[in-house]
Amino acid sequence: MTVRERFREAVEEKVRKALEGMGCDACFEVETPSSGVADIAVPCFPLAKVLRKAPQAIAAELCGMIECDGPVCEVKDVNGYLNFFIDQDVLVRETLQEIVSAKEDYGRHPSKGVKVNVEHTSINPTGPIHVGRARNPIIGDTLSRCLRRCGYEVEAEYYVNDVGKQVVLLTWGVRNLPESDVDGSDRAKNDHRLVPYYRRANQMMEEDENVRAEISSMLQRFETGDQEVIDQVREVTEMMLDGLRETLDSIDVRLDRYTWESQYIADGSARKVVESLKQSPYCGDNDGSAYLELKDFGIHGKNTRFTFTRSDGTTLYTTRDLAYHLDKFRRADRAVDVLGEDQKLGSQQLTAALEILGSEKKPEAMFYSFVSLPEGKMSTRRGTVVYLDDLIDEAVERAYEEVKSRRDDLSEEEMRGIARVIGVGAVRYNIVRVQPEKKMVFRWEDAMNFDGNSAPFLQYSHARACSILRKAGEFTRTADETLLTDEYERRLVSALSLFPEVIRDCGENKRIHMLPSYAHELASAFNQFYAVVPVLNSGDLRDARLTLVDCARVVLKETLDTLGIVAPEGM
RNA sequence: GGGCGCGUGGCCUAGCCAGGAUAUGGCGGCAGCCUCCUAAGCUGCAAGUCAAGGGUUCGAAUCCCUUCGCGCUCGCCA
């Protein structure tokens with residue numbers, strides 16, 4: 001248990017006892033004031049009715065009955081509130097001791113023995129990732145990292161859509177069009193290189209009846225399980241995925257597993273889902289096409305019909321998705337789906353269908369809104385898409401110029417290395433910074449922000465801490481609270497002590513945008529400390545201050561790591 | 001039209017789920033700070049009808065209702 005947790009429990013216990021002393025066993029709230037007037041406060045207004053006294057009088061009376069000890073060092077009554085203060089000496093000593101002994105495991109919660117599958121990215125393999133979709137891998141990867149730190153065993157997974165007209169069309173194009181027939185692409189990466197084939201195939205299908213016939217026969221063979229066509233599609237999809245993986249690697253998004261949609265056709269599980277759903281009382285038939293009536297499952301309006309087979313009996317995307325979710329539930333205790341907001345209805349229907357199938361587990365969806373451009377939606381047709389690869393390159397390039405302008409002592413290679421880490425960090429940070437359900441407008445200057453609330457701000461604090469430690473050489477670690485009494489030292493320790501509960505909030509409540517917010521608060525506390533408190537030339541206080549700097553370095557590093565951002569030792 | 005989500009200083013954003021004391025930060029603006037550990041930093045100032053209206057409450061950015069604006073959605077597509 002952390003000092004803060006013990007503090008909170010002690011406060012609750014003291015207030016409970018004091019209330020008992022007044023002959024009252026009413027419930028009360030404990031809150032953290034935003035303005036910093038107390039570490040924890042208990043508002044006495046709700047007690048006024050029960051005790052039939054003015055809140056101010058209750059607060060005063062309770063205050064007189066409470067004795068401070070342990071982590072609770074002071075209690076005051078102010079305007080009907082009971083304000084409690086944590087003992088700074090205890091906080092400093094115990095927080096630093098914990099970080100010094102746990103090191104990079106500080107804030108890592110013990111294993112829960114629960115497996116969580118996080119499905120994210122799952123972008124259709126028909127083109128490169130554009131910034132409109134980039135929230136998905138970054139949110140998914142950050143959530144995976146938070147959950148791991150919360151003690152869950154996480155498997156991050158990409159569901160590869162290798163079924164359907166789009167991929168068949170792409171496959172046809174790649175297999176039948178000579179290179180000379182298609183436009184060139186800006187990049188040699190497979191995902192960019194194949195797009196012109198897809199575009200041309202689309203065009204030809206619209207213009208040429210024979211092509212249309214060829215493709216529709218290919219599609220038919222695919223859906224009846226023709227292994228040759230399935231393999232061809234798989235091969236082309238692999239090529240495309242190759243390019244997507246390269247992009248994901250470049251921003252440190254780690255996937256543990258790729259699952260292919262065609263698998264659920266091949267192994268018959270989608271078929272089983274169909275058979276099983278047909279037994280359900282909610283099943284109906286419309287010209288041979290089977291559907292579920294979901295009005296009893298909290299789905300309103302005209303959207304209550306959920307179709308799961310075509311009239312020729314073949315399965316639909318959603319049917320395969322059901323088989324996929326049943327599979328995920330066999331492999332994990334929980335399944336989280338990171339989805340675009342356009343999937344909301346589909347996800348609701350999926351959950352209802354899973355319930356009908358008798359699944360006891362439900363997928364936990366996490367939705368994000370789309371990224372648009374100042375001039376409106378991104379559109380491939382209008383050529384207004386911004387590719388993630390371009391954003392990364394641009395951010396890295398800008399970071400390079402920045403590094404170059406302030407460091408003339410580094411080699412070209414070192415500058416390039418730092419620039420990459422900063423550019424990529426800035427991109428990731430600026431995407432997770434905002435709540436997923438809020439819509440984002442993509443602006444180059446925001447996406448590559450290097451000041452204030454940005455990844456480079458955090459990285460810079462970390463680099464500064466490293467720089468001090470590098471110059472310090474060997475020192476003896478000490479968590480002697482009597483040596484760390486400066487206001488800025490104490491504020492920094494306070495920020496450090498929050499890390500474990502921030503991690504818990506991010507993981508347990510899937511509120512990952514709280515992590516950037518905390519990271520900024522921490523880095524800011526460090527920068528303030530750095531500006532006013534000398535470390536290397538601080539005489540008797542040197543070891544204690546170096547210990548604090550090292551602890552700050554550890555927590556900054558781990559915070560950045562949880563955000564999937566590299567913490568450079570110099571920049 | 002029905003459903004879901006969003007609306008917080010010029011711009012971006014936290015807080016909303018579990019209602020409480022002067023609403024969190026950042027960008028931009030203005031004014032300062034490098035004889036000292038990296039100024040991608042630090043300090044200060046100006047800037048707010050928490051979309052609008054009503055309700056519940058001792059108390060509402062937070063809960064409820066209505067309205068407005070924006071996004072998504074309502075395929076035998078994936």
Side-chain angles (χ1 to χ4, degrees), chain A residues 29 31 33-35 37-38 41 43-46 48-49 54-55 78-81 83 124 126 161 163-167 261 286-291 299-305 307-314 316-318 320-321 340-346 348 367 369-370 372 377 399 402-403 405-407 422 426 430 433-435 437-441 443 445-446 449-461 463-472 509 511 513-514 516-517 520-521 523-524 526-538 545-546 549 570-571:
Chain A
E29 295 294 322
E31 63 183 44
S34 56
S35 45
V37 291
C44 298
F45 306 93
K49 250 184 198 151
V78 182
N79 302 329
Y81 288 88
N83 287 345
N124 277 356
T126 50
N161 201 258
V163 178
K165 198 170 185 173
Q166 289 189 316
V167 281
E261 185 181 341
N286 179 20
D287 284 341
S289 149
Y291 66 88
I299 296 170
H300 311 285
K302 297 188 291 188
N303 312 321
T304 62
R305 270 196 188 184
T307 304
F308 63 93
T309 76
R310 296 196 181 90
S311 38
D312 65 3
T314 54
L316 296 165
Y317 170 80
T318 40
R320 270 107 57 186
D321 207 13
E341 61 178 338
D342 56 338
Q343 304 293 312
K344 276 185 186 175
L345 176 60
Q348 232 184 335
F367 298 105
S369 298
F370 290 121
S372 61
K377 268 173 132 177
E402 199 81 16
V403 177
S405 74
R406 59 186 84 222
R407 296 292 297 270
I422 290 169
N430 286 309
R433 224 186 72 227
V434 346
Q435 237 175 349
E437 53 270 24
K438 287 211 184 190
K439 45 189 166 251
M440 276 182 109
V441 176
R443 287 189 189 86
E445 61 271 30
D446 293 346
N449 175 29
F450 291 175
D451 309 306
N453 195 1
S454 75
F457 179 90
L458 318 179
Q459 292 169 317
Y460 189 62
S461 301
R464 282 172 141 185
C466 289
S467 175
I468 292 178
L469 293 164
R470 212 166 25 240
K471 289 188 171 147
N509 303 320
R511 302 197 325 149
H513 63 285
M514 293 316 289
S517 165
H520 180 260
E521 190 183 316
S524 181
F526 181 80
N527 283 337
Q528 287 166 29
F529 159 82
Y530 183 94
V532 297
V533 182
V535 177
L536 294 175
N537 299 312
S538 58
R545 288 185 176 170
L546 281 169
V549 171
M571 62 189 273

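Chain identifiers are assigned alphabetically (A, B, ...) following the order of the sequence lines, protein sequences preceding nucleic acid strands; residue numbering begins at 1 within each chain. Values below: every heavy atom of this structure, side chains too, minus hydrogens, waters and symmetry copies. None of the values given here were measured: they were computed from a predicted structure.
Spacing between atom CE of A:Met514 and atom P of B:U24 amounts to 14 Å, rounded to whole angstrom units. Atoms CD (A:Glu29) and P (B:G59) sit 18 Å apart, rounded to a whole Å. With rounding to whole Å, A:Lys49 atom NZ is found 11 Å from B:G59 atom C1'. Atom pair A:Phe308:CZ and B:C77:C1' shows a separation of 18 Å (rounding to whole Å applied). If you measure from atom NZ of A:Lys344 to atom C1' of B:U73, you get 9 Å, rounded to the nearest angstrom. One interatomic measurement links the two molecules: CZ of A:Phe45 to P of B:C58, which rounds to 13 Å at whole-angstrom precision. Between A:Gln343 atom CD and B:C72 atom P the separation is 14 Å, expressed in whole Å. Atom pair A:Tyr530:OH and B:C34:P shows a separation of 15 Å (rounding to whole Å applied).
Nucleic acid contact class of A:Gly570 (heavy atoms, under 4.0 Å, all strands): base. Heavy atoms of A:Phe450 sit under 4.0 angstrom from at least one base atom. Base contact: A:Ile422 has a heavy atom under 4.0 Å from a base atom. A:Val532 comes within 4.0 angstrom of no nucleic acid atom, judged by non-hydrogen atoms across all strands. Across all strands, A:Asn509 comes closer than 4.0 Å to no nucleic acid atom at all (heavy-atom distances). Using a 4.0 Å heavy-atom distance criterion, A:Pro55 is classed as making no nucleic acid contact. Across all strands, A:Ala41 comes closer than 4.0 Å to base atoms (heavy-atom distances). As judged by a 4.0 angstrom heavy-atom cut-off over every strand, A:Asn79 is placed among residues making no nucleic acid contact. Here A:Glu402 lies in heavy-atom contact (under 4.0 Å) with a base. Base contact: A:Leu536 has a heavy atom under 4.0 Å from a base atom. The residue A:Arg545 sits apart from the nucleic acid: no heavy atom pair falls under 4.0 Å. A:Asp321 comes within 4.0 angstrom of no nucleic acid atom, judged by non-hydrogen atoms across all strands. At a threshold of 4.0 angstrom between heavy atoms, the contacts of A:Asp446 with the nucleic acid are absent. Within 4.0 Å (heavy atoms only), A:Ser311 reaches at least one base atom of the nucleic acid.
Here the separation of B:G71 from B:C27, taken at their C1' atoms, is 24 Å to the nearest Å. Straight-line distance between the C1' atoms of B:C30 and B:C16: roughly 34 Å, to the nearest whole Å. Comparing B:U56 with B:C42, their P atoms are spaced 47 Å from each other, to the whole Å.
When distances run from any side-chain atom of A:Arg511 to the nucleotides B:C16, B:A21, B:C72, the shortest one goes to B:C16. Closest to the side chain of A:Ser524, from the set B:C42, B:C72, B:C76, is B:C42. The listed nucleotides are B:C77, B:A21, B:U43; the one nearest the side chain of A:Gln528 is B:U43. In the set B:A78, B:C72, B:C42, B:C42 carries the atom at the smallest distance from any side-chain atom of A:Phe457. Of the candidate nucleotides B:C72, B:C6, B:A78, B:C6 has the atom lying nearest to any side-chain atom of A:Glu437. Of the candidate nucleotides B:A21, B:C76, B:C42, B:A21 has the atom lying nearest to any side-chain atom of A:Glu31. Closest contact between the side chain of A:Lys438 and the listed nucleotides B:A78, B:U73, B:U8 involves B:U8. The listed nucleotides are B:C37, B:C27, B:G15; the one nearest the side chain of A:Asp451 is B:C27. Each of B:C76, B:U73, B:A78 was ranked by its minimum atom distance to the side chain of A:Glu261; first place goes to B:A78. With distances taken from any side-chain atom of A:Arg433 to the nucleotides B:C6, B:U13, B:A78, the minimum falls on B:U13.
A heavy-atom distance below 4.5 Å is found between the side chains of A:Leu469 and A:Val549. Between A:Arg545 and A:Ile468, every side-chain heavy-atom pair lies at or beyond the 4.5 Å cut-off. Considering only heavy atoms from C-beta on, A:Glu341 comes within 4.5 Å of A:Phe370 through its side chain. You'll find the side chain of A:Ser372 stays beyond 4.5 Å of the side chain of A:Lys439, heavy atoms only.
Closest approach of A:Glu261 and A:Asn161 over heavy atoms only: OE1-ND2, 2.6 Å. A:Asn527 approaches A:Phe457 most closely through the heavy-atom pair ND2-CZ, 3.3 Å.
An OP1 or OP2 oxygen of B:A14 is reached within less than 4.0 angstrom by a side-chain nitrogen or oxygen of A:Gln435. Side-chain N/O atoms of A:His520 include none lying less than 4.0 angstrom from OP1 or OP2 on B:U24. In this structure, A:Ser289 does not reach the B:C76 phosphate: none of its side-chain N or O atoms is under 4.0 Å from OP1 or OP2. Considering only side-chain N and O atoms, A:Arg470 lies nowhere under 4.0 angstrom from the phosphate OP1 or OP2 of B:C37.
You won't find any donor-acceptor pair under 3.5 Å spanning the side chain of A:Ser467 and the base of B:C37, going by distance alone. Applying the 3.5 Å distance criterion, the base of B:C70 shares a donor-acceptor pair with the side chain of A:Lys439. If you check distances only, the side chain of A:Asn83 does reach the base of B:A21 with a donor-acceptor pair under 3.5 Å.
In this structure a side-chain-to-backbone donor-acceptor pair under 3.5 Å is missing from A:Thr309 to A:Thr314. Between the A:Asp321 side chain and the A:Tyr317 main chain, no donor and acceptor come within less than 3.5 Å of each other. A donor-acceptor pair is defined here as one N or O able to donate and one able to accept, closer than 3.5 Å; no such pair exists between the side chain of A:Asn453 and the backbone of A:His520.
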Which string of ( ) [ ] | and . matches RNA chain B, if you list each base 5' to 3' and count Watson-Crick or G-U pairs only when both distances are under 3.5 Å? (((((((..(((.......[....))).(((((.......))))).....(((((..]....))))))))))))....

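For the pair A:Arg407 and A:Tyr317, both in contact range of RNA chain B, the more 5′-proximal nearest nucleotide belongs to A:Arg407.
Expressed to the nearest 0.5 Å, how far CG of A:Asn124 lies from CD of A:Gln166 amounts to 5.5 Å.
Counted by atom type alone, A:Ser524 and A:Gln528 present one or more donor-acceptor pairs between their side chains at under 3.5 Å.
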